Amino acid sequence: MEPAVTTTGLERVFGEGDIAVRALDGVDVEVAAGELVVILGPSGSGKTTLLNVIGGIDAPTGGTVRVDGVDLADLDADGLTAFRRDHVGFVFQFFNLIPTLTAIENVRIIAELSSGAGAAESRSALEAVGLGNRLDNFPAGLSGGEQQRVAVARAIAKAPRLLLGDEPTGALDLETGRQVLGLLERLNREQGITMLLVTHSAVIARMADRVLHMRDGRIVADERNESPQPAAGLEW
Amino acid sequence: MSVLATKLRRDLLRNRSQVIAIVITVFLGITLFGASFDAYRSLEASYESVYDDLAFGDLWVSGGDVEGFAVEASAVDGVAAVAVRSQADVPMRPATYHAMLGRVVGMPVGDQPEVNAVLVIEGGYLSGAGDALVEQHLAEHYGISPGDSIEVGEGMVPLRVAGIVASPEYLWPAPSRQVIITTPEDFGVVFVADDLVTAVAGPGAIAQVAVRYDEGADDEAVTAALVEASTRTGAVDVYTAAEQPSNWALQTDVKGFGDLSFMFPILFLTAAGLGTWVMLTRLVVSQRAVIGTLVASGMPRRSLFRHYLSYGLVIGLGGAIPGVIAGAVLAGFAANMYTEAISVPVTVVRIGAMTPLVGIAFGIVAGLLAAAFPARRAVRMNPAESMRGVAPTGPGRPTLPERVFPPLRRLPASSLLVLRGVFRNPRRTFSTMLGVVLSLALILVSWGMIDTVDHLVGRQFEEIQLDDARVVLAAPATPSDLAALSSVAGVDAAEPTVSVRVTVESENGRYATSLEGFEQGTTMHRFLGPDGELDLPADGILLGLDLEGLLDIEVGDEVTVRAPALGVVTTERVAGFVDEPLGTFAYASLDHIGGLMTSSGAVPDAPGSAVVAGALVRYDDGADADVVRSDLQDVEGVLAVSSTSALQDVLNRFLGLFYAFVGVMLVFGGALAFAIVFNSMAVNLAERNVEVATLRAAGVTPRRIARLVTAENLLVTILGVIPGLAIGYLVALEFMSAYDSDQFSFDLFVRPSTLVFSGVFIVVVTLISQIPGLRALRRLDVAAVVRERAV
C-alpha cells in the first residue's frame, strides 16, 4: 500500500546568498495512512516548514512531496488549492478563527467555500469535538481550548485524509491542551485520519505512533513508539 | 538616527502604497490651495494694478445737473479727481461689417481724462474730433487696426481709428449690470471726442460724472457725501465701483475663485486626514505587542504619543512641501491664463509669503489631527494585554441588521462573512463611508456646477427667451414696419418691444434695472414665477425674484419706478415675481408703458406702437440664422440686429473655461475617491491577512475570496453612496451660493442622471482601487502568514 505521505530529498531555502536560510535540508520521510506522527524539534529546526510543504501551502526549492500518490510538484496553484480542499485539514497554534462568525459558521464557511459540505457536516464536526452546545457562540465567547476545538472541527468537517497540526496546543493550558490532543487522538483512531503534529514538547510526542526528530532542517531520528500513551495521561 | 526614527521610516516604507496615496492627497490639496489662493490674489492685484494705472473711478453719477454736481464733488474731502463726459448707446458699423448697437464714450482730445483713462495698446490717443479709440474686445473681434474707419451714430458718421485701447471700465465688456454677458457682435465700445457724443446721439446722450477718491480716503463717508450731492443736483443714476458692471462681473468671479481656493483644499485635506487615521489605526493595532513591550520596558507614554504623532507630521509635510512649490508655480500660470483669456492688459503674479506657510501649516495640522487619535489609542493600551500579541477579536455578536431581522442569521456563512465584515470594524467602515461621502461631495460640486449652468442656459434660452434676434430700429415704428420684418424669408414672427432704463424704489431700497415692454400675450418671452407661469399684466409690473428680498416687497405692494430718460416717475403695483436665471428685470405691457409715457408727455398722444424701440424676431425652424440676420439688417429702418443664438454661443464659449476648471475638479474628485477607497481597501485586506491565509490553506480559491472581499467593499461603498449623495448635494448647494447673485441665479440643479452616474462612478472607482489589494491577496504567502501569524 502506498504511503499517505512521501518526501524525498526535500529542501526549502529562504532568501539568497549570504542571508539564505536552509529550513529543510534533504528530508526523506514516509508516513503510512492512518499513522499519527509527531514532528519534534527545537525552534527553527524546520518542522513548521516541513508541515507547510506537505500541506501544499509552501513549495520546496528541491526534492519531491507525494501525498496519496499525488506529486505536488505536478500541481499548479489551482491544483494545489484543490488538493488542499479535498485532502488536507490544517490546525494552527493560533486558532485563526474569523471573529465575526459563530463557531458553526466558522466551520461552515470552509465547508461552503471548498468542499461543498453543508450545515449537517459542520454540526457533526462540532459535536465530534464536544461543542454541540456552543454552536452559536462567537469566538470571543469561547475559551482558548474551545476555540482550538472549533479549529479542529473546521479542519475535519470536510473529512480530510490528512490532518496537519502546527503546535495545536501551543496556545493552551495543560488541561485544555490535553482535551484537544485527546480529540485528535480519537479522530485518528476512530476515523483513521493520517496526522502530522508539530510540537517542541517531548511529552506530547509520547502519544504518537512515530516521532520524527528534526534539527537544522534534517530528520535526525525516526522513532517508532510501540505503546503510545493516551493523551489523557500526558503531563507537561 | 534614533531607533524610533528608524522604526518610523521602515513602517512608512512598509506601508508605502498607502503612504504615497495619502501624501498625494495632501499634495493635491495644498497645490490646489496655493494655486487657487495665489491666483486669486494675483487676479485681484492685476485688476488693482490696471485700476491704479488708469485711475479707475470710485463713483459714477448720471443725469441732472452734472456740471453743478462736478463742482460740488470737487469740494468734497477725499475726492482726488472729477471727470465730466457724455456717453450714448448708438448704432455703429465697424469697417465693412453690418451695423450693431454699441457705446460711444466721450474723452478729452489730446490728453487722457483724470478719471477712467485708457491704455493705448496699439496706435495713438485721440488727436482730433474725427478720431476714435476702439476698445480691445471689439477691435479683436472685427480685426480693427489703427488707420481703419468706423461709423457711429444714426447718421453713421465715419471716424478714423486712432488706436486700440483697454479701458478699466470695460475689462469685461458689459453694457450694464443687467446685461453682463454679451457678444462683440452686439456690443462694443468706442471712445470719441466728448463733443461728438452729443452730435451723433442727440438727446439720447447721457451726461455723466466719474469721481476718483484720494488714496486712504474714507470711501463710505465720501460716497455718502457725493450721493447726497447727487440727489441735490437731480442725478438719475448713481453707482459705485463695486456696482460698476465690468468690475462687478470680475469681482463676483474672483470672489468665487477665492471661496473655492479654501473649499476644495479642505475637502482634500479632510480626505488625507481620514486616510492617515485609517492607516495609523491599523498600524497601532498591528503593533500592539510592540507597544506593550515598549511601555512595559519603561518608555514614557509621552514619547510613544510623539512617535505615532510623527507619522502624521511626516505625511503632512511630505505632501505639503512639494504642494506649496507646485501651487506657487501653478498660481502664476493660472493667473496668466485667466488674464489672457479675458484680455486684462496687465498680469501681476503675486505669490504671498504667507501662502506657503499657511499651506504647510494646513498639511501639518491635517496630519497631526489625523495621527492624534491612533497615537492616543497607542498610549492607552494596557501593556500586559498588548504583549499577549493576540489581536482583538470581533464584536462577538450578531450585527444590527441580524438583530433587527433575525432570519438574516440563516444566510450562508459566506454572506454572513460579508455582512459582518461591514460591522466588524465600525471605525474602518465609517472612514470608508466618509471617504465615499467626501469623494461624492467633490464630484457633485463639480458636476452640479455643470448641470446648474447647463440648466440655467437652457432655461433662459429655451424656456424664457423664445426670440432668435432682437432688432434695433432707427425710429419708433408702426405695426406696418413690424410687418416688413415678418415678411423677411425665414422669419416666423416679429413682435414690438421696448427697453427702458429705470430705477425701482421701495421704502427699503432702490434698484437700477431695465423695464422691458412686451405685447400682452407675447410669444417671445415667458414669465415663469416660482409657482408657475404668469401672464403679463395689463396694469402693474412683474419684477425679478431677487427684488422681493432686495427691496423687501411682496406681490401687491407698490413701488416707485423712475425712467429718467423718458422723464417718467410713476407708482406701480407689483403684480408678481419672475424667477429668471440671467438678470433681474422689470416687465410691463407695451400698452401700459405707452400710457405712462403719454400721460407724462414724453411721447405726446402716442399710440402703443409709438413706443416701440425695437422688435423681437423668431425664425422659422431650420432657417439659416446668418442669412435671416443679414436680410433683417437690410430692412429699412433697422439699425442693428443682435442674435440670441450668438449670445448663447458666447455664453457657452465663456463657460468653456468654467467647464475646464470644473473638469479638472472632477478628475481630482476621481483621484481623491481612488486614494481614499484604495487606502481603505488596502487596510481592509491587510487586517485580515491571517483569515485569508487560513481560508487559502483550507483550499478556498483566491477568486472566491476576492469575490467575498469585493462584496464587502461594495456593500460599504453603497452604504456610503446613499448619505454621500445627500451630503454632496448639500455641499454643492453651499458652493453654488458663492456664485449666486441678482445677475446670475445659480440655484443648484442636479440631474437625476448625475446622481446615478456619480454613484456608479464611485462604485467603479471602488472596484478599480481594490485591484492592487486583490492582486496582493493572490500573491499572499500563505505559509509565511500562518508561520509568522502576521496581523
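All chains are named by letter (A, B, ...) in the order of the sequence lines, taking the proteins before the strands, and each is independently numbered beginning at 1. None of the values given here were measured: they were computed from a predicted structure.
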Quick check on [X] against chain A: is it the side chain, the backbone, both or neither that has a heavy atom closer than 4.5 Å?
| X | result |
| --- | --- |
| B:R778 | neither |
| B:R703 | neither |
| B:L780 | neither |

(Q) Any non-hydrogen side-chain atom of B:E691 less than 4.5 Å from a side-chain atom of A:L101? (A)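 Heavy-atom side-chain distance check fails, nothing below 4.5 Å.
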### Message
Would you say that B:T694 contacts A:R154 through its side chain, given a criterion of any heavy-atom pair below 4.5 Å between the two side chains?
### Response
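A side-chain contact exists here, since the closest heavy-atom pair is under 4.5 Å.
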Nearest heavy-atom neighbours spanning [X] and [Y]:
| X | Y | value |
| --- | --- | --- |
| B:R409 | A:T102 | NH2-CG2, 3.5 Å |
| B:A697 | A:F92 | CB-CZ, 4.0 Å |
| A:E105 | B:A413 | O-CB, 3.7 Å |

Distance check, rounded to the nearest 0.5 Å: A:T81 atom OG1 versus B:I705 atom CD1?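 Separation between the atoms: 8.5 Å.
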Requested in this report: Would you check if the side chain of A:R84 reaches a backbone N or O of B:R696 as a donor-acceptor pair within less than 3.5 Å?
Outcome: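 Yes; at least one donor-acceptor contact below 3.5 Å.
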How about [X]: does its [atom1] atom have over 12 heavy atoms from other parts shown lying under 6.0 Å from it?
| X | atom1 | value |
| --- | --- | --- |
| A:R134 | CZ | yes |
| A:D216 | CG | no |
| B:R775 | CZ | no |

